[in-house]
Amino acid sequence: MANEYKLSATLIAHTGDVRGSTSCPQTNRVVTVSRDQLGIIWSPLSENTFTVSAQLQGHSRYLLSVCWLPPTSDFPAGIIATGSLDTSVLLWNPERPADPIGVCQGHSGAVCCINPAADSSFVTSSWDATAKLWSLVNTTELVEFKGHEASVLSIIYSRANNIYVSGSADKTLKFWRVNGATAQCTKTIPAHTDVIRSLTIMTDSTFVSCSNDSTALLWSFLGEKLMQFHGHTSFVYSVCSITPTTFASCGEDGCVKVWNLDSPEEPQQTISLPCTSVWHVHVTARGDLVVSCDDSSCRIFTSDADRVAADDALVAFSEQVTAAEAARSSETVGALKKADLPDRSALSRPGKGEGDHVVLNHNGTVEAYTWDGANWIFSGTVVDAVEPDYTFTVELDGKNLKLEYNKGQNPYDVAQKFIHKHNLGQHYLEQIANFITDNAQTPTLSTGSVPEMSNPDPFTGQGASAGSYTEPPARSPSTPLVCNKTFVEFRKGKPQSAFKGFSTQSAKQPSPISVDELAMIERHLASPIKAPAEEYSMAVGVVVNALLTWPTPSLLPALDLLRIFLLDVETVPQHLATLKQHGLDALFVSLFNRPDIHASENTFMMLCRSTANAFRHGAVLLSSETSALAMQSMLELTSTKDTLLLAGASLALNVATWLRTLAVSSDELIFCELTCLEAVTKVLELLMASSTPQISPSQDEARFRSLTALSTLLAGSKELTAAYGTKSNASSVLSRRPVEGYSGKDLALEEALQTHLLSA
C-alpha cells in the first residue's frame, strides 16, 4: 500500500471560502482563489512552508476557478487564469502579477471551471449552460459548446482523443468534436442521478466524473461506464487524478477520499478536515494534494515523509479535526434530534403529495428529500433547524395532529399545508386559520392594496393588483433584522377583462386560438373551483403556448391569465402538478430571455406579477437559475413607474423569502442571493430617482417590500452583508426622498438596516 497522505502545510490568508487552487509544475508555487474576491500566489520557503508572494486583484465578484496554463513563447512561466462570479476570465503573468494581462468576456454566468485545451488555447465552463474555447494569443472566443439544459460545471480536453467532455447540472455528460469554429456534440449520456460537479482525466482512454449524488464514476472516452465509487455521504464537489490508477475526491461531508482503481469498493484513504465544505482538490506535479476549504484555509497533504508538517502542527490539526467531527456528529441539528429521525428506509414509502418533504438521519448526517410526484429527490444536507414559535396539538377527524406555526407566516398558508400533509378536507381551511390567529397572537393580515384609482391597472383600468402581506411588528434598531416568511401575491384584477384582451390578441395572430378553446378558458375563469381538472390543464396549455409563440407586444393579457391560473392552486391543490407538467420554469426562462421584454413597461410588470405568484409554490415550479435570471432582468429597469416598481419589489421579496426557506447552500443559490440583492438595490435606486411631488401608495408599498426583501437577505448572512456594504450607495438608498406621502411602516426596517450595516 502506498504511503498515506499527511498534512504538509496550511495556507491562511483568505477571509472567505477558498474555492479552488492550482500550481506551477516548475516552481511548486500554488495559487488559491476565494470568495473574498482575491487570488493569492504562494511561494515555497521550504518543503512545508509557504508565503504570500502576490495577490491577484481585478475581479468585482468572488472567484470560483483557477488554472495555471502551460508556458508559451511569450510567457515561459505559464499564465494564470481566474474565473469569477462577475462572468469574466482574467489572465495573469505570474512573474508580474500586479495587473491582469488579458480579459476574456463572453459568458453571461459565473465561470466555474478552467482547463488547458489544444495548443495556445484553454476551455471554460459556466453557469450560463455553455462552455467556451479561448485563444491564449489574443483572448478571443474560438468556439462555443452549447446544448446543455443547465449549468456546465466542468469541461476537460483529451489531447490523445482530440475530444472534449462536459458535465452539467442537467445530469448529463456530453462529448464534443471541434471542427473549425464549430463544436459538434457527438454523444450525450445521462450519467448521474444528480448534478455533475467535476471531471478529471485519468489516462488517454479514461476519465472520472463526480456528482451531487455522492458518487464518482470511471468512464471511457467512448462513453462506457467502467466503475463506480461509493463512500461519500453528501455532495462530491471535485475530483483530481493523482496517477493513472489513483484519484482524489472531496465534498460536502468534510473530507478528501483517495481511491485506487484496483480496489474500488472502498477508499484507499479518507482525510478528514475541520470544516464542512471541501470545495476543491488539486494535485501538484510532486503528487501533493491541495485542498480548498470553507473555513478560509487551504491545506496541502503529502505522501512524502520529507514534506510532512512538524509534529506540533500535526497534533494541532488532529485536534481541530476531532473537534469538528464531534460537532458534526452531535445529537442535534438545530432543533432536530437525530435520534428521532428515520433512516433512509423512509425513502421506500412514497410521498403524500408533490412537494412533500422528509428529513432523515443517515450515519449521523441529517439529509432532506423532496417528493417530485414519482421519486424522492435529495435536497441537501441540513445544517440548521429552528424550533417553531408555536406547536399546537389539534384534534381533527379523531386524530391528534401536531400543528407548527412561526411568527410572520400567513395563517392560511400554514393551514393549507397542514391540510395537504394530513389529507384533511378543504372545509377545515377557515377553521384552522382562525385557530392559529386566535391562539398565536397573529397580527391581522393587511391586503397591501392601494386606493382603487390611484394607480390604474394597465389592462383592466381598475385598481392595480396588490398582494396580501403580513406586516412585521415594529422593531427597535437593536433587534435582529426581519426575516420574512410570507409570500406576497397579486390577486386583484378582472378575469373577464383579461380574457377579453386575450381573445382580441388571439385574433391578430397568424394562427388564432379556436372558438372552443376560448370558450373553455372563459368557463374556467367563471367557475375555477367547479371546472374539471382536464379543462384546467387544457386552458393552461393554451395560455402557455401563446406565451411561447406570440410576439412580445401581444403577451400582456396572456400573462395576466397565467397570474390568475397560478392562484387557482389554492382552492384546487391538484392543479400544482398540472402547472409543473406544462414546464413553467422553462416558460419563465424564455420570457425573461426575450430581447424586447423591457420594451413595454406594462408587459414586464405583468411578467413580474405572474412570476411572483409562482413563488407561492417554491422549487416545485421554479429553479434557482430561473430566479437569478429574473433578478438579472430586473437590473435592466430604468423606469420609475410605481406599478412596475411595486411588481419588481414584490418579485424580489418572494425570491428572498424562498431563499431563506432553504436549509442548504450551493453556488447557484449564492449567485441567486447576490443577484437578488442587486435587484432590490436597483428598485430602491429607482424609487429615490422618482420625480413625483409626493410618494404614491404604490411607491410606499414598493419601498416597504424592498426593505423587507433586503432585511430578509441580510439577516444571518455575513457574506451578503459584506457584499452589500461595499456598495457606495448602500446607505443612501435606504433613506427616504424628502417628500410627503410615506405611511411610516418602513421606518423600523430602515433603522434596523442602517444599524446592521454600521455594526457590520
Worksheet entry | For S318, side chain to side chain contact (heavy atoms under 4.5 Å, CB included) partners two or more places apart | T322
Discussion item. With heavy-atom distances below 4.5 Å as the criterion, would you say the side chains of N115 and Y157 are in contact?
Written reply: no
Item to complete: Output yes when a side-chain donor or acceptor of R159 lies under 3.5 Å from a complementary backbone atom of A117, and no otherwise.
Response: yes
Discussion item. Applying salt bridge (charged side-chain N to carboxylate O under 4.0 Å, His left out) as the test, list every pair that has at least one member in residues 279-295; sequence neighbours left out.
Written reply: E47-R286, D288-R307, D295-R299
Discussion item. Tell me the closest heavy-atom pair linking P71 and P76, and the distance in Å.
Written reply: CB-O, 3.2 Å
Worksheet item: Mind checking what makes salt bridge (charged side-chain N to carboxylate O under 4.0 Å, His left out) contact with E95, not counting sequence neighbours?
Response: R29
Worksheet entry | Single hit among L38, V33, I670 for side-chain contact (heavy atoms from CB on, under 4.5 Å) with Y62 | I670
Item to complete: Using modelled atom types only, decide if a donor and an acceptor are shared between the side chain of S121 and the backbone of A118 within a distance under 3.5 Å.
Response: yes
Discussion item. I want to check something: taking the side chain as every heavy atom from C-beta on, are C255 and H232 in contact at a cut-off of under 4.5 Å?
Written reply: yes
Report, one line per pair, each donor and acceptor closer than 3.5 Å where one atom sits in a side chain of residues 98-108; sequence neighbours left out.
| unit_1 | atom_1 | unit_2 | atom_2 | d |
| --- | --- | --- | --- | --- |
| H107 | ND1 | D128 | OD2 | 3.0 |
| H107 | ND1 | T130 | OG1 | 3.4 |
| H107 | NE2 | T124 | OG1 | 2.8 |

Fill in: F229-F247 aromatic ring centre distance below 6.0 Å
yes
Practice prompt. Check for a donor-acceptor pair, side chain of K187 on one end and backbone N or O of L222 on the other, with a separation under 3.5 Å.
Written response: yes
Response to the item:
Hits for salt bridge (charged side-chain N to carboxylate O under 4.0 Å, His left out) against R96, two or more places apart or cross-chain, chain-then-number order -> none
Item to complete: Examine distances only and state if a side-chain atom of S297 and a backbone atom of I12 form a donor-acceptor pair shorter than 3.5 Å.
Response: no
Item to complete: Examine the side chains of W42 and T32 and answer whether a donor and an acceptor come within less than 3.5 Å of each other.
Response: yes
Worksheet item: Is there a side-chain contact between S209 and L217, using heavy atoms and a 4.5 Å cut-off?
Response: yes
For residues 17-25, please give each side-chain donor-acceptor pair under 3.5 Å, one per line with the distance, not counting sequence neighbours.
| unit_1 | atom_1 | unit_2 | atom_2 | d |
| --- | --- | --- | --- | --- |
| D17 | OD2 | R35 | NH1 | 3.2 |
| D17 | OD2 | W279 | NE1 | 3.0 |
| R19 | NH1 | D667 | OD1 | 2.6 |
| R19 | NH2 | D667 | OD1 | 2.9 |
| R19 | NH2 | D667 | OD2 | 2.9 |
| T22 | OG1 | W68 | N | 3.0 |
| S23 | OG | H282 | NE2 | 2.8 |

Practice prompt. Would you check if the side chain of S627 reaches a backbone N or O of S623 as a donor-acceptor pair within less than 3.5 Å?
Written response: yes
Response to the item:
Correct closest heavy-atom pair for I114 and A81 would be CD1-O, 3.6 Å
Fill in: Donor-acceptor contact present, side-chain S241 to main-chain T200, <3.5 Å
no
Discussion item. Looking at every non-hydrogen atom in both residues, tell me the closest pair between Y237 and C210 and how far apart they are.
Written reply: C-SG, 3.9 Å
Discussion item. So which atom in E144 and which in K132 form the shortest heavy-atom distance, rounded to 0.1 Å?
Written reply: OE2-NZ, 2.9 Å
Worksheet item: Partners of S166 by side chain to side chain contact (heavy atoms under 4.5 Å, CB included), sequence neighbours excluded?
Response: H148, V152, I155, K174, W176
Worksheet item: Can you name the nearest heavy-atom pair linking M202 to T246, along with the distance?
Response: CE-O, 3.5 Å
Fill in: Working for side-chain contact (heavy atoms from CB on, under 4.5 Å), residues V239 and L199
CA-CA 6 Å; V239 284; L199 308 174; 5.7 Å; no
Practice prompt. Please report the shortest heavy-atom distance between C113 and S154, naming the atom on each side.
Written response: SG-CA, 3.8 Å
Discussion item. Given 3.5 Å as the limit, does a donor-acceptor pair link the side chain of N48 with the main chain of A9, or not?
Written reply: no
Worksheet item: With a 6.0 Å cut-off on ring centres, are Y164 and F145 close enough?
Response: yes
Fill in: side chain to side chain contact (heavy atoms under 4.5 Å, CB included) against L226, all qualifying residues, sequence neighbours excluded
T206, L218, S220, E224
Worksheet item: Does the pair R197/E252 count as a salt bridge with the N-to-O cut at 4.0 Å?
Response: no
Discussion item. Treating S43 as the side-chain partner and T51 as the backbone partner, does any N or O pair qualify as donor plus acceptor under 3.5 Å?
Written reply: no
Worksheet entry | Ion pair K6/D304, N-O distance below 4.0 Å | no
Fill in: Residues that E636 engages under side chain to side chain contact (heavy atoms under 4.5 Å, CB included), provided they are two or more places apart
H598
Worksheet item: Are the side chains of L56 and L90 in touch, meaning some heavy atoms are under 4.5 Å apart?
Response: no
Worksheet item: Judged by atom type as modelled, is there a donor-acceptor pair below 3.5 Å linking the side chain of Q269 to the main-chain atoms of Y5?
Response: yes
Discussion item. Using side-chain heavy atoms (C-beta onward) and a distance below 4.5 Å, is T172 in contact with I189?
Written reply: no
Practice prompt. May I ask you to decide if V195's main-chain N or O and S211's side chain share a donor-acceptor pair within less than 3.5 Å?
Written response: yes
Practice prompt. Just grab all the side-chain hydrogen bond (donor to acceptor under 3.5 Å, both in side chains) pairs involving residues 76-86, residues at least two apart or on different chains.
Written response: H59-T82, H59-D86, T82-W92, S84-D86, D86-S88
Item to complete: Apply side chain to side chain donor-acceptor pair (under 3.5 Å) to the pair S151 and E625, showing each step before the final yes or no.
Response: CA-CA 9 Å; S151 301; E625 292 168 321; 2.6 Å; yes
Worksheet entry | Those residues that, when tested against F317, pass ring pair (Phe, Tyr, Trp, His ring centres under 6.0 Å) (two or more places apart) | F301
Worksheet item: Of all residues at least two apart in sequence or in a different chain, which pass the ring pair (Phe, Tyr, Trp, His ring centres under 6.0 Å) check with F75?
Response: none
